[in-house]
**Q** 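If you scroll down you'll find the structure; I have some questions about it.
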Amino acid sequence: MTTSNFDVLVVGNGAVGSSIAFELASRGLRVAKIGPRTRDLAASTAAGAMLGCFGEVTRLTVEEPNGRAKLGADLKARSLWPEWIQRLSEFGSGDIFSSRGTAVVLNTIGTHEVDTGNFGAIKNALEEHREPYEGIDPKDIPWYNPDELSRALSAIYIPGERSVHVPRLLGHLDEGFRKIGGSDYDAFVTELIFDGDTCQGVRLNDGRALFSSSVVLAAGASSLKLLESFPDVVERIPPMFSGYGVSMIASDAGTVSPQDVIRTPNRAFACGLHSVPRTDSKIYVGGTNVLVNKPREFATIRDLEFLLNCAVFQLNRDLPKAAVERVQVGNRPVPADGFPLVGEVGLNGVVLATGTYRDGLHQSPLLATYVADLLQGVISEADGIFKPFTPVRRPLQIASRGRIIEMATDELIAAAYETHWNVRPEWPDLIRATAPGEFERKADRVHGGITPPPDVLAKMDDAMESRLRSYYAAWADMGVGV
């Protein structure tokens, strides 16, 4: 059994963990980055990597203060990407940016409440922040060729919202980290080593111990598992679930190679259907998000079938002729209240950097700078951004219970339309009359007042309910009203 000493240990080698490790090593610190080389189960490897601030906006984003704070973090992160890529460019070849901009389409799939509502929220946010965009004719979007029943009614083009080539990004981060003196460990952490409430290091699955007075947990949806030996800490952190998603890489997907991201607004409890250019002949297609209690390793046939049908009908009806080069599975880290877990946890030497849901890769340069500043005792301009999202926090509620239930019902019906359900016109009204009662009962089972976000409420199973009840009860036992 061997041991090594470092200034900082970074647990996790996805986009967030790799970016933090690279930034710390760039500052002259001795850093170890720990994670399986294959990056199994990570969100980053299956991500479309859209640097989308406004494309991700929903009705809730603009209605709720913490949602607006998250948008502020996204905007700040986007401003850092040109310099970030410039720093990384010396460590690899190939352009890390993979698209020129983003076309957001409002098509005939979905519902007025969700799709049209979120499309309007995107436009309003663009105008509020004076972000350049233009209305475009959907017919003029290169490569976009949907089925007539899924045709777009309207579209906008956002030139400032680009995307990155994930394999190149991670490759540049890995190579840069090694070249500036970082140490990579192809392993996973089985436990944190403590002396009282002070972290001393970590133990790896092969028995080796690595020591440091500073440990950053950036292992995505699995991060909180390493704190389970401190239940009094974990129970005061929002429980984290996995936003399991399926994506694919297709080649020879048409006679015209797309140069822009094409996406719908967020809908149906997910991130909106999207295609992202990877190379001249390859595209990425994604758009699923299923909340589960634990990370998943493989795609279900149902979810893959759903993605393929959506892609063919809503993006390009010639896609059946394309070759599917790879099916990918990722697990987004989703806190119960939907907001990041960034900062100290109340155990000396431990910092969390996770819970970023769909924003982790996009925010990675900002998180890297913020965590490095935090560890070095530097006052960061991001302090104000991440202060509301300190991991040990009382429950945050994004809206009233009635509003959350209303939105969960809207998303449920939107999801049904996206599967091309064929029902009588009166059925949506029947669902609106019955679903809220079921959602109310689910909410009551976890707490009399606090209600989780619509996607968590709708997908909550027994295990998720139990974890939420424990979290709410922990704060109530402390005499804090929740």
**Q** With a 4.5 Å heavy-atom cut-off, do L173 and W84 have their side chains touching?
**A**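 Counting from C-beta outward, L173 and W84 do come under 4.5 Å.
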**Q** How far does CG of L60 sit from CG of N66, to the nearest 0.5 angstrom?
**A**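 Here the interatomic distance stands at 11.5 Å.
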**Q** side-chain contact (heavy atoms from CB on, under 4.5 Å) between I20 and V8: does it pass, once the steps are laid out?
**A** CA-CA 10 Å; I20 292 171; V8 185; over 6 Å; no
**Q** What I want to find out is whether R403 reaches E63 closely enough, with some N-O distance under 4.0 Å, to be called a salt bridge.
**A**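 The answer is yes: the pair qualifies as a salt bridge.
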**Q** For F188, does the CZ atom sit with more than 12 other heavy atoms under 6.0 Å from it, leaving out its own atoms?
**A**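 No, not enclosed.
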**Q** Show me the donor-acceptor pairs, under 3.5 Å and distance only, between side chains in residues 381-392 and residues at least two apart or in other chains.
**A**
unit_1, atom_1, unit_2, atom_2, d
E381, OE1, K76, NZ, 3.3
E381, OE2, K76, NZ, 3.3
D383, OD2, S380, N, 3.2

**Q** Would you please name every residue forming a side chain to side chain donor-acceptor pair (under 3.5 Å) with R296, sequence neighbours left out?
**A**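 Expected list: none.
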**Q** Going by side chain to side chain donor-acceptor pair (under 3.5 Å), name the residues that satisfy it together with E438, two or more places apart in sequence or in a different chain.
**A**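 Side chain to side chain donor-acceptor pair (under 3.5 Å) list for E438, sorted by chain: R441.
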**Q** When you compare the side chain of F439 with that of P454, does any pair of heavy atoms fall below 4.5 Å?
**A**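 The answer is no, as the side chains (C-beta and beyond) never meet within the 4.5 Å cut-off.
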**Q** Check the side chains of D260 and Y144 for a donor-acceptor pair under 3.5 angstrom, ignoring hydrogens and angles.
**A**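 No donor-acceptor contact under 3.5 Å links the two side chains.
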**Q** One pair to check against side-chain hydrogen bond (donor to acceptor under 3.5 Å, both in side chains): S251 and E325. What are the steps and the verdict?
**A** CA-CA 7 Å; S251 62; E325 293 203 358; 3.0 Å; yes
**Q** Salt bridge or not between E175 and R168? Use side-chain N to carboxylate O under 4.0 Å.
**A**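 Salt bridge: no.
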**Q** Residues in side-chain contact (heavy atoms from CB on, under 4.5 Å) with L374, at least two apart?
**A**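 Partners of L374 under the side-chain contact (heavy atoms from CB on, under 4.5 Å) test: E344, V351.
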**Q** State, yes or no, whether a side-chain contact exists between T108 and L153 at a heavy-atom distance under 4.5 Å.
**A**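 Sidechains of L153 and T108: in contact.
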**Q** Without swapping roles, check the side chain of R467 against the backbone of M240 for a donor-acceptor pair under 3.5 Å.
**A**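 It does hold such a pair.
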**Q** Does some side-chain heavy atom of L291 sit less than 4.5 Å from a side-chain heavy atom of M460?
**A**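 Of all side-chain heavy-atom pairs linking L291 with M460, none is under 4.5 Å.
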**Q** Would you say the side-chain atoms of S98 pair up with the backbone N or O of R278, donor to acceptor, closer than 3.5 Å?
**A**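 Absent.
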**Q** Side chain of N289, backbone of F269: donor and acceptor closer than 3.5 Å?
**A**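 The answer is yes, because a donor-acceptor pair under 3.5 Å joins these two groups.
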**Q** Atom CD1 of I283 and atom OG of S275: how far apart are they, to the nearest 0.5 Å?
**A**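 Here the rounded value is 5.5 Å.
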**Q** Judged by atom type as modelled, is there a donor-acceptor pair below 3.5 Å linking the side chain of R263 to the main-chain atoms of G55?
**A**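 At least one qualifying donor-acceptor pair exists.
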**Q** Could you walk me through whether Q314 and S150 pass the side-chain hydrogen bond (donor to acceptor under 3.5 Å, both in side chains) check?
**A** CA-CA 5 Å; Q314 297 182 52; S150 305; 5.7 Å; no
**Q** Can you name the residues that form a salt bridge (charged side-chain N to carboxylate O under 4.0 Å, His left out) with E305, not counting sequence neighbours?
**A**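 With sequence neighbours excluded, E305 shows a salt bridge (charged side-chain N to carboxylate O under 4.0 Å, His left out) to no residue whatsoever.
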**Q** Please tell me if the side chains of L361 and V164 come closer than 4.5 Å, counting only heavy atoms from C-beta onward.
**A**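 SC-SC contact between L361 and V164 confirmed.
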**Q** Check the surroundings of atom CH2 in W421: do more than 12 heavy atoms from other residues, nucleotides or ligands lie under 6.0 Å from it?
**A**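 Counting neighbours around CH2 of W421, more than 12 heavy atoms of other residues, nucleotides or ligands fall under 6.0 Å, so yes.
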**Q** Under 4.5 Å between any side-chain heavy atoms of V104 and E161, yes or no?
**A**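 The answer is no, as the side chains (C-beta and beyond) never meet within the 4.5 Å cut-off.
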**Q** Run the numbers on W143 and Q259 for side-chain contact (heavy atoms from CB on, under 4.5 Å), then give the verdict.
**A** CA-CA 9 Å; W143 187 80; Q259 294 182 298; over 6 Å; no
**Q** What residues, two or more places apart in sequence or in another chain, satisfy ring-ring contact (aromatic ring centres under 6.0 Å, His included) together with F313?
**A**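 F313 satisfies ring-ring contact (aromatic ring centres under 6.0 Å, His included) with H420 only.
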**Q** Is the number of heavy atoms from other residues, nucleotides or ligands within 6.0 Å of NZ (K442) greater than 12?
**A**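 Atom NZ in K442 is crowded, with more than 12 foreign heavy atoms closer than 6.0 Å.
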**Q** Applying salt bridge (charged side-chain N to carboxylate O under 4.0 Å, His left out), can you list everything that pairs with D410, at least two apart in sequence or on another chain?
**A**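 Once residues adjacent in sequence are excluded, the partners of D410 under the salt bridge (charged side-chain N to carboxylate O under 4.0 Å, His left out) criterion are R59, R432.
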**Q** Hey, could you give me the OG/CD1 distance between S154 and I136, rounded to the nearest 0.5 Å?
**A**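 Taking OG in S154 and CD1 in I136, the distance rounds to 9.0 Å.
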**Q** Carefully, step by step, assess D337 and Y471 under the rule side-chain hydrogen bond (donor to acceptor under 3.5 Å, both in side chains).
**A** CA-CA 11 Å; D337 56 18; Y471 170 55; 4.6 Å; no
**Q** Begin with the C-alpha distance, continue with both residues' side-chain angles, and end with the deciding distance and a verdict on side-chain contact (heavy atoms from CB on, under 4.5 Å) for Y357 and K70.
**A** CA-CA 11 Å; Y357 206 165; K70 187 183 80 66; over 6 Å; no
**Q** Do D174 and K33 meet the salt-bridge criterion of a basic N to acidic O distance under 4.0 Å?
**A**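 Salt bridge present between K33 and D174.
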**Q** Tell me, do D455 and E411 make a side-chain contact under 4.5 Å, heavy atoms counted?
**A**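 D455 does not reach E411 side chain to side chain.
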**Q** Can you tell me how far the CG atom of L304 sits from the OG1 atom of T288, to the nearest 0.5 Å?
**A**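 Between L304 CG and T288 OG1, I get 9.0 Å after rounding to 0.5 Å.
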**Q** Can you sort out the partners of E127 under side-chain contact (heavy atoms from CB on, under 4.5 Å), two or more places apart, ordered by chain and number?
**A**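 With sequence neighbours excluded, E127 shows a side-chain contact (heavy atoms from CB on, under 4.5 Å) to N124, Y133, given in chain and number order.
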**Q** So do H362 and M50 actually touch side chain to side chain, heavy atoms under 4.5 Å?
**A**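 A side-chain contact under 4.5 Å is absent here.
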**Q** Do side-chain atoms of T354 reach the backbone of G220 as a donor and acceptor pair under 3.5 angstrom?
**A**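 Answer holds: yes.
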**Q** Quick one: CG on N309 to CG on L273, what's the gap to the nearest 0.5 Å?
**A**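 N309 atom CG to L273 atom CG measures 11.0 Å (nearest 0.5 Å).
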**Q** Please check this pair: side chain of S26 against backbone of F22, looking for a donor-acceptor N/O pair closer than 3.5 Å.
**A**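 Yes: the side chain of S26 pairs with the backbone of F22.
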**Q** Taking everything shown except E134 itself, do over 12 heavy atoms lie less than 6.0 Å from its CD?
**A**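 Correct, the count exceeds 12.
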**Q** List the residues meeting salt bridge (charged side-chain N to carboxylate O under 4.0 Å, His left out) with R332, not counting sequence neighbours, and say none if there are none.
**A**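 So R332 forms no salt bridge (charged side-chain N to carboxylate O under 4.0 Å, His left out) with any residue.
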**Q** Supply the atom-to-atom distance N118 CG to E56 CD, rounded to the nearest 0.5 angstrom.
**A**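 CD of E56 is found 10.5 Å from CG of N118.
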**Q** Going by salt bridge (charged side-chain N to carboxylate O under 4.0 Å, His left out), name the residues that satisfy it together with E418, two or more places apart in sequence or in a different chain.
**A**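 Here the qualifying residues are R267.
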**Q** Which heavy atom of S242 sits nearest a heavy atom of P295, and at what distance?
**A**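 Heavy-atom minimum between the residues: OG-CA, 3.6 Å.
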**Q** So does D373 pair up with R27, basic N to acidic O under 4.0 Å?
**A**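 So D373 pairs with R27 through a salt bridge.
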**Q** How would you list, by chain and number, every residue that makes a side chain to side chain donor-acceptor pair (under 3.5 Å) with Y244, sequence neighbours excluded?
**A**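 Scan of Y244 (side chain to side chain donor-acceptor pair (under 3.5 Å), adjacent residues dropped) gives D303.
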**Q** Should the pair R78-D74 be classified as a salt bridge under the 4.0 Å nitrogen-to-oxygen rule?
**A**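 Salt bridge absent between R78 and D74.
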**Q** Determine yes or no for a side-chain-to-main-chain donor-acceptor pair under 3.5 angstrom, with S18 supplying the side chain and N13 the backbone.
**A**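 Indeed, once roles are kept as given, a pair shorter than 3.5 Å links the two residues.
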**Q** Do any pairs count as a ring-ring contact (aromatic ring centres under 6.0 Å, His included) and have a residue in residues 101-128, sequence neighbours left out, and if so which ones?
**A**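 Listed once each, the pairs would be none.
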